Amino acid sequence: MNVEDIRKILIVGAGTMGQQIGMLFAVNGYEVMIYDVSEDVLKKASDRIARLADRLVQIGKFSKDQTQKALERIQTTTDPENAARDTDLINESVPENPELKGNVFGMFHKLCKPETIFTTNTSSLLPSMFAGASGRPERLCALHFHDIMITDIVDVMPHPGTDSGVVDLVKEFAERNGQIPIVLNKEHSGYVFNNMLMGFLASALTLAQKGVAPIPEIDKAWTGVMHTPAGPFAIMDTIGLGTVAMVIEYWAQKTNDRQANANAEFIKEYVQAGKIGVKSGEGFYKYGDAA
Ligand SMILES: NC(=O)c1ccc[n+]([C@@H]2O[C@H](COP(=O)([O-])OP(=O)(O)OC[C@H]3O[C@@H](n4cnc5c(N)ncnc54)[C@H](O)[C@@H]3O)[C@@H](O)[C@H]2O)c1
């Protein structure tokens, strides 16, 4: 398979990231199918993608004409067979759980053609955790995005069983989508940027969990000195506290680190109260318009 042979993309999971990544591929001329588990989720995702298109025009990233044509290239489905048909590359953005990701890839392995490349957008897991379950470990690697509104940096990360040709192909594919790939030599949780970010967020959570300073003060200390618009808690609200909590809890349990477990409990209280960040209208802060 050459990069020109990649035409049709399947996005699995229509949440925060699936919406963004689907839009990005569509605006770059790819046919995009978005698969999720319910029509209700897909309807909400379609509405949010339309709003995302408007925002991308507003910030000058793409023209109105580009986003309009992109929207016409995006389809949605809850039917796995329909989703898998003619797909050349999958990018998966289901919740951060290795078993779930393995099950999803395993299902699509049975439905996709043998050449289809499988990529995961996991934030902190390792592809080798579900490479076996994917049914095609040699064609699986990570293609990991950040927020497409703020950066074009993506991570391309193989696991020990990934074919090196697949890594080159995924790198080239990312570049064709206007992205700047950071290609890792080997698996490492959190890639490059996220590895640094999670350390930063953990420090901020520890300060709040120990009651050292109120949350807005911790953010102010960071934004005031670094002259950046958002501090660690505002950043977590943007990522989504559900996703942050899952990442922190998973690694807290794996490492059995006492402070990490306390931080996981701290953030889970917000999630259990329905405060999951910008997308729900409230997280560590309140947002006037949940959209
Ligand atoms: N949010 C971020 O800033 C961010 C950034 C980079 C990577 N990621 C990673 O992307 C992945 C998704 O994160 P998100 O924030 O978009 O999550 P999200 O909760 O917003 O969306 C997840 C979506 O997956 C769907 N889903 C659940 N089970 C499914 C299944 N079996 N088949 C198909 N769809 C299913 C859900 O219905 C939901 O729409 C995670 O692995 C996360 O670590 C998140």
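Note that the structure is predicted; figures quoted are calculated from it, not measured. Indexing begins at 1, ligand by ligand and atom by atom, following the structure's order. The basis for the numbers below is simple: all heavy atoms, side chains too, and nothing from hydrogens, waters or symmetry mates. The first residue in the sequence is number 1, and the count goes up from there.
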### Leu100 to Pro95 - nearest heavy-atom pair and separation
CD2-CD, 3.6 Å
#### Entry: Atoms in ligand 1 with a heavy atom of Tyr35 nearer than 4.0 Å
32 (N), 33 (C)
### Query
Just heavy atoms, cut-off under 4.0 Å: does Val104 contact ligand 1 by side chain, backbone, both, or neither?
side chain
### Query
If you measure from each non-hydrogen atom of Met246 to ligand 1, which part falls under 4.0 Å: side chain, backbone, both or neither?
neither
### Ion pair Lys8/Glu31, N-O distance below 4.0 Å
no
### Summary
Checking heavy-atom distances from atom 41 (O) of ligand 1 to each of Met236, Arg48, Glu96, the winner is Glu96
### Message
Does any part of the side chain of Ile276, heavy atoms only, come nearer than 4.5 Å to the side chain of Glu282, both counted from C-beta?
### Response
no
### Task
With Arg136 as the cation and Phe118 as the aromatic partner, state whether NZ or CZ is under 6.0 Å from the six-membered ring centre and within 45° of the axis.
yes
### Query
Mind checking whether Glu92 has an N or O less than 3.5 Å away from an N or O of ligand 1?
no
#### Entry: Distance filter under 4.0 Å to Lys101 heavy atoms, resulting ligand 1 atoms
40 (C), 41 (O)
### Query
Which ligand 1 atoms are under 4.0 Å away from a heavy-atom of Lys279?
20 (O)
#### Entry: Option set Val12, Val94, Asn121, criterion heavy-atom distance to atom 11 (C) of ligand 1, minimum
Val94
### Query
Pro95: heavy atom below 4.0 Å from ligand 1, yes or no?
yes
### Query
Quick one: does His146 get within less than 4.0 Å of ligand 1, heavy atoms only?
no
### Task
Mark yes when over 12 heavy atoms from residues, nucleotides or ligands other than Lys286 sit less than 6.0 Å from its NZ; otherwise mark no.
no
### Summary
Counting heavy atoms under 4.0 Å, the part of Asn103 that contacts ligand 1 is neither
### Message
Please check if the number of heavy atoms outside Glu175 that lie under 6.0 Å from its CD is greater than 12.
### Response
yes
### Task
State whether the number of non-hydrogen atoms from other residues, nucleotides or ligands found under 6.0 Å of Glu4 atom CD is greater than 12.
yes
### Task
Tell me, please: is His144 in heavy-atom contact with ligand 1, that is, under 4.0 Å?
yes
### Task
Between Ser93, Ala14, Ser38, flag the one that comes closest to atom 12 (C) of ligand 1 by a heavy atom.
Ser93
### Leu100 neighbourhood, listing ligand 1 atoms whose heavy-atom distance to it stays under 4.0 Å
31 (N)
#### Entry: Within 6.0 Å of CG in Asp5, more than 12 heavy atoms from elsewhere
yes
### Query
Are Phe173 and Phe25 near enough that their ring centres are under 6.0 Å apart?
yes
### Summary
Looking only at protein heavy atoms, what sits closest to atom 43 (O) of ligand 1 is Ser123 OG, 2.6 Å
### Task
Without swapping roles, check the side chain of Lys101 against the backbone of Val94 for a donor-acceptor pair under 3.5 Å.
yes
### Message
For atom 20 (O) of ligand 1, what is the closest protein heavy atom, and at what distance to 0.1 Å?
### Response
Thr16 N, 3.0 Å
